[in-house]
Number of protein chains: 2
Amino acid sequence: MTGENGDVSTTFSILTGMTETPHWLTPAEQQAWRSFIRMQERLTGRLSRELLADSGLSAADYAVLVSLTDAPGGRRRMLDLARSLEWEKSRMSHHIARMARRDLVRREECAEDGRGAWVVVTPGGREAIAAAAPLHVEAVRRLVIDPLTPAELAMLAQISDRITERLDEDAP
Amino acid sequence: MTGENGDVSTTFSILTGMTETPHWLTPAEQQAWRSFIRMQERLTGRLSRELLADSGLSAADYAVLVSLTDAPGGRRRMLDLARSLEWEKSRMSHHIARMARRDLVRREECAEDGRGAWVVVTPGGREAIAAAAPLHVEAVRRLVIDPLTPAELAMLAQISDRITERLDEDAP
DNA sequence: AGGATATAGTTGATCCATCAACCAAAGGTC
DNA sequence: GACCTTTGGTTGATGGATCAACTATATCCT
């Protein structure tokens with residue numbers, strides 16, 4: 001029954017008849033990759049669920065509000081905001097529309113560019129993030145910072161930056 | 001104008017009147033955390049877009065098909081599948097319904113448990129993953145394995161496992 | 001000035017993820 | 001064997017993400 005039971009790496013060449021076997025991951029590479037993926041999915045799932053439960057903000061809401069409260073006047077241009085979060089402009093537009101409905105944020109016309117629009121954080125938005133931030137930071141500390149040594153955390157940053165560089169080089 | 005311009009860490013105590021300042025991240029911690037988040041979002045975005053463009057499978061489809069082709073007979077129980085991917089059963093149910101519509105997968109009644117259901121990979125599903133796997137593995141190698149030294153990859157696995165352990169301990 | 005092109009942003013369709021509510025069969029327990 | 005809880009799974013509503021198509025203003029070129 002091994003024919004029915006092979007994993008992708010074994011069934012592939014059988015099914016396609018390719019002679020050049022692809023460059024599969026070694027067991028160590030595979031284990032590392034799967035560990036990373038699992039961690040990453042569980043971590044972001046947990047953090048966003050905690051954030052939402054504690055404060056009613058999604059991770060996306062939180063990122064937008066941090067970016068806005070960081071900016072002078074609590075305002076940014078739509079596309080500037082989108083680029084700083086590395087979102088597509090369409091996603092930003094939809095998301096800001098939803099946040100505006102909840103009074104976290106408000107659109108304003110842009111005097112110096114007739115096409116443009118400002119996004120401005122409202123008092124309600126400031127309250128929301130002020131309430132959310134300490135709990136969220138505490139969760140990040142508990143789940144990520146604390147279990148790692150400072151050296152490991154530095155390694156994580158280094159590894160992350162190297163992969164991000166590669167993503168930039170190897171443009172879509 | 002500094003009142004309008006402070007970041008979350010400075011505005012929080014002003015707005016809430018708390019006297020105990022929360023345990024904010026140090027600059028090094030913050031930089032590491034932001035590097036990680038950025039990498040993680042861009043990497044999964046890129047990988048899933050490439051996968052979809054190359055093979056018409058989403059990352060979720062891919063994970064389901066790998067799990068099924070790994071199992072004896074190419075079949076698994078619904079909840080078993082859900083647990084192995086750490087998905088909620090409702091997500092699994094919806095997703096399997098969509099995959100079944102595309103003939104990647106098929107439901108079967110379960111003889112030994114009247115409530116249960118099997119999910120079985122179809123020939124079409126096997127073809128799809130056989131076509132997708134080499135390209136996807138190549139992308140993972142290019143974007144993650146290659147830019148890291150073996151020691152860094154091992155560190156990434158170690159760090160990931162440590163965080164996952166913490167997630168398990170610190171149960172929701 | 002007039003036309004081409006680039007930039008800033010919106011919209012609608014479609015698919016995905018999450019939550020709460022629900023249903024039905026299995027397994028105790030008295 | 002009637003009741004209760006647990007287990008396995010579905011459903012519908014809602015909000016979020018992505019893609020392609022579109023509008024309107026600005027800018028560049030001659």
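In what follows, chains are A, B, ... by sequence order, proteins preceding strands, each numbered from 1. Fair warning: this is a prediction, and the values are worked out from it, not measured in the lab.
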State which residues pass salt bridge (Lys or Arg N to Asp or Glu O under 4.0 Å) with B/Arg102; sequence neighbours excluded, sorted by chain then number.
B/Asp61

Could you list by number each residue of residues 76-86 of chain B showing a heavy-atom separation from DNA chain D of less than 4.0 Å, or answer none if no residue does?
B/Arg77, B/Met78, B/Leu79, B/Arg83

Under the side-chain hydrogen bond (donor to acceptor under 3.5 Å, both in side chains) rule, collect the residues that match up with A/Glu108, sequence neighbours excluded.
A/Arg75, A/Arg106

Among all residues two or more places apart in sequence or in another chain, which pass the salt bridge (Lys or Arg N to Asp or Glu O under 4.0 Å) test with A/Glu152?
B/Arg162

Contacts of B/Glu41 that satisfy salt bridge (Lys or Arg N to Asp or Glu O under 4.0 Å) - sequence neighbours left out:
none

Tell me, please, the opening and closing nucleotides of DNA chain C, 5' to 3', among those with an atom under 4.0 angstrom from a non-hydrogen atom of chain A.
C/dT7 to C/dC19

Want to settle it: does A/Leu52 or A/Gly116 sit nearer the 5' end of DNA chain C, counting the closest nucleotide to each?
A/Gly116

Using a heavy-atom cut-off of 4.0 Å to chain A, what are the terminal contacting nucleotides of DNA chain D, in 5' to 3' order?
D/dG16 to D/dA26

Can you list everything that forms a side-chain hydrogen bond (donor to acceptor under 3.5 Å, both in side chains) with B/Arg115? Sequence neighbours excluded, please.
B/Asp113

Pairs touching residues 122-164 of chain B that satisfy ring pair (Phe, Tyr, Trp, His ring centres under 6.0 Å), sequence neighbours left out:
B/Tyr62-B/His136

Members other than A/Trp118 in its cluster, when Ile, Leu, Val, Met, Phe, Trp, Tyr link by side-chain heavy atoms under 4.5 Å?
A/Val120

Of A/Ala60 and A/Gly114, whose closest DNA chain D nucleotide lies nearer the 5' terminus?
A/Ala60

Comparing A/Glu88 and B/Trp118 on DNA chain D - which has the more 5′ nearest nucleotide:
B/Trp118

Sorted by chain and number, sequence neighbours left out, salt bridge (Lys or Arg N to Asp or Glu O under 4.0 Å) with B/Asp80 holds for B/Arg76

Would you say the side-chain atoms of B/Ser160 pair up with the backbone N or O of B/Leu156, donor to acceptor, closer than 3.5 Å?
yes

Under 4.0 angstrom, heavy atoms only, what part of the nucleic acid is A/His94 near: base, sugar-phosphate, or nothing?
base

Apart from B/Leu52 itself, its cluster of hydrophobic side chains linked below 4.5 Å comprises none

